[in-house]
Amino acid sequence: MFIILKRKSIALFFLFCATILFSGLLYPLSQSTITSSPASALCVVLDAGHGGIDGGSQGSTGVYERDINLAITNKIETLLNNMGISVVQTRRTQDGLYGVFASGFKMRDMKERKRIIEESGADLVVSIHMNYFSDSSAKGAQIFYKPNDEVSETLATNMQNFFTKNLENARKECKEGDFYILTCTQTPGILIECGYLSNPEEEKLLISDEYQDKLAYQIFCGIVAYYGLE
Ligand SMILES: [Zn+2]
């Protein structure tokens, strides 16, 4: 796959430039060239964490992680689609994937995510979450990568660098993450904790449309880099 991805695609480069120029999102990319296979061959699973009865963490404003996760995956999907990169989302509504709410719903929800990833044939999985900690001073976006997987680690490292340069509070280093969504299939993947809803200042950022755009754009840049920015 990587041999194919290394081939320069001038057309994709110009498409990429056009996306940057016309999207109105003029955050700088640190690299200036792109190599890739035809974009139509590329596919990413975007996984908005939680859903339905499982709201995930909750901020002091009452906002649930579930809803911010979906807002951000929708923004990333738009950016990727503009580049011609296919997206499969594990959920597109506020509902969970567990069917009827009953005992064992969380595992049913996760197994359904696994099925979607496997059937997608995607190149990678990007799972979006919000963090929470008892100490409200904890803050900063951080990326976790599939354990013992070099491809996922490289993706996470590069994307974390984009975060550190361009996002308030972002952590400096990514970490290995033993999460089911990352280990349930062979597909390379990362789980992004976008920030802490337990930190009122960071919660303000995370619920703002402007910051969600900024965050989505950095994630988009990291994915594009995975597909061949050098
Ligand atoms: Zn979560």
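Both backbone and side-chain heavy atoms feed into the values below; hydrogens, waters and symmetry mates do not. Counting starts at 1 for both ligands and their atoms, in listed order.
Between Arg115 and Glu118, none of the side-chain N atoms (NZ, or NE/NH1/NH2) sits under 4.0 Å from a carboxylate O, so this pair counts as no salt bridge. Salt bridge status for Lys75 with Asp213: present, with a side-chain N to carboxylate O gap under 4.0 Å. The existence of a salt bridge linking Glu168 and Lys214 is confirmed by a sub-4.0 Å separation between a basic side-chain nitrogen and an acidic carboxylate oxygen.
Here the options are Val87, Ile192, Ile128, Leu215, the test is side chain to side chain contact (heavy atoms under 4.5 Å, CB included), and the partner is Ile76; only Ile128 passes.
Protein N/O/S atoms closer than 2.8 Å to the Zn ion (ligand 1): His50 NE2, Glu65 OE2, His129 ND1.
In this model, no donor atom of one side chain and acceptor atom of the other lie less than 3.5 Å apart for Tyr217 and Asn166. Donor-acceptor pairing under 3.5 Å is lacking for the side chains of Asn131 and Gln142.
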